[in-house]
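Below you'll find the structure, written out as structure tokens, and then a few comments.
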Amino acid sequence: MTHEERQKQHEQASELPKKKKWLPHPVLSVVMVLIWLSLNNASMGHLVLGIFLSLGIPYLVQDFWPTAVRVHRPFKLCMYLLLVLVDICKANFIVAVQILGPNKKLNAKFFEVELDVKNDFTIAMLAGTITLTPGTVSSELSTDKKRLLVHALNVDDVEQAAADIKHRYERPLKEIFEC
Amino acid sequence: MTTFIEYMVAALILLGALFALIGSIGLVKLPDFFRRLHGPTKATTLGVGGMILGSVLFFTAVERTFQFQEFLVSLFLFITAPASAYIIAKAALHLKVQYDAEYIESEAAAKEEQQDQNLS
Amino acid sequence: MLDKVVLIASVMLAIALLLNLYRLVKGPSLPDRILALDTMYINTIALIVLLGVSQRSLIFFEAAMLIAMMGFVGTIAISKYILRGDIIE
């Protein structure tokens with residue numbers, strides 16, 4: 001890993017636009033090595049092959065993904081993932097009861113969430129979180145990337161629900177990826 | 001394998017199967033497309049998630065080393081499920097599948113307005 | 001005991017697959033059918049994980065991974081075809 005870190009520092013020092021970088025997505029490369037090692041047996045040969053692939057593939061595809069993801073607060077990201085997992089478990093039971101109950105009680109609605117986050121990756125993270133928590137599905141992003149259309153299975157107060165999403169998920173994401 | 005772990009594995013597998021079943025019941029029972037869309041997200045998250053957790057626990061107990069490869073399936077599903085739900089919803093909006101009529105009208109009006117602005 | 005639990009769980013998943021098949025055949029609109037197909041993929045993954053537990057073999061995990069990938073690509077391709085009338089632009 002020390003070799004990679006040195007390369008990363010070198011990369012940040014000499015940053016030129018329009019030039020192919022050797023390490024365009026450092027976080028992605030590390031994650032790729034870890035996933036390769038857990039897919040195969042963790043041996044020395046697979047480590048070398050994994051490092052080779054995780055440097056080669058991002059180099060070849062960097063034109064498709066121009067902005068690198070930067071995690072500003074790793075600890076907060078872990079806390080956020082835990083929060084989402086707990087929410088998924090809680091909401092699953094609520095939605096299970098709602099699905100098995102009578103259909104007439106369900107008050108399904110569309111509502112829009114005004115987005116504060118600008119980065120494409122952050123918007124994708126937020127939309128993914130909204131879909132994974134049962135009861136809400138994000139269904140369309142407006143063309144100017146400012147509003148997200150969300151469908152909720154059972155909601156009474158639309159503005160309260162939108163405010164909940166903003167407060168609970170959007171604010172931590174903004175702090176983690178954009179500040 | 002101790003009895004306690006066996007009970008845990010059994011409980012997790014049953015929980016996963018139950019949630020997958022409830023998701024599919026929702027797919028059949030709910031009245032319109034956008035309500036049905038909520039069923040599969042449940043089946044993905046806690047259904048397959050619970051089952052994979054049970055399986056990981058089982059193999060860890062049997063092999064006596066931590067077998068975490070199966071978490072990759074769960075991780076992959078957690079990343080891809082929102083993308084496929086989003087694109088199916090988008091296709092449904094494109095085909096104008098029946099749902100709240102009010103919203104369709106307001107959105108169509110907004111789009112026309114935007115096109116007019118682009119033209120002028 | 002675990003064998004019985006696995007049997008009960010696979011019966012539950014088989015019922016879930018039949019319900020999905022019903023929606024796939026009947027589904028009033030095209031997105032309903034895509035959704036049913038996607039749910040079938042997910043239930044199949046659960047069934048394969050269950051098969052791995054009952055056979056006490058870790059090999060099935062790779063099959064589950066492959067089905068997850070194929071299912072995702074298939075769903076995206078069909079939806080994209082509906083949206084644009086073309087898959088690769």
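Here is how names work: the chains are called A, B, and so on, in the same order as the sequence lines, proteins then strands, and each is numbered from 1.
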What part of [X] is in contact with chain B, defined as an atom under 4.5 angstrom from a non-hydrogen atom: side chain, backbone, both or neither?
X     : result
C:Y22 : side chain
C:S54 : neither
C:M69 : both
C:L13 : side chain

Could you tell me which of [options] has the largest number of non-hydrogen atom pairs under 4.5 Å with chain C?
options                    : result
B:V48, B:I87, B:L14, B:I13 : B:I87
B:V73, B:I52, B:T80        : B:T80
B:G47, B:G54, B:A10        : B:A10

Could you tell me if B:S24 and C:N43 have a donor-acceptor pair between their side chains, going purely by distance under 3.5 Å?
yes
If you measure from [atom1] on [X] to [atom2] on [Y], what distance do you get to the nearest 0.5 Å?
X     : Y     : atom1 : atom2 : result
C:L21 : C:L37 : CG    : CG    : 10.0 Å
C:K80 : B:K90 : NZ    : NZ    : 8.0 Å
B:F19 : B:T45 : CZ    : OG1   : 8.5 Å
C:R84 : B:H94 : CZ    : NE2   : 9.0 Å

Tell me, for B:L27 versus chain C, whether the close heavy atoms (under 4.5 Å) come from the side chain, the backbone, both or neither.
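Backbone plus side chain of B:L27, per the 4.5 Å heavy-atom cut-off to chain C.
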Tell me, side chain or backbone of B:I22 under 4.5 Å from chain C's heavy atoms, or both, or neither?
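Neither part.
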Between C:R23 (side chain) and B:V28 (backbone), is there a donor-acceptor pair under 3.5 Å?
yes
Find the one option among [options] whose heavy-atom pairs under 4.5 Å with chain B are most numerous.
options                   : value
C:L47, C:I8, C:L18, C:L58 : C:L58
C:T75, C:I45, C:V49       : C:V49
C:A46, C:A9, C:A64, C:S79 : C:S79

Pair B:V9, B:F59 - check side-chain contact (heavy atoms from CB on, under 4.5 Å), show working.
CA-CA 10 Å; B:V9 171; B:F59 283 114; over 6 Å; no
Cationic N near anionic O, under 4.0 Å, B:R36 to C:D32
yes
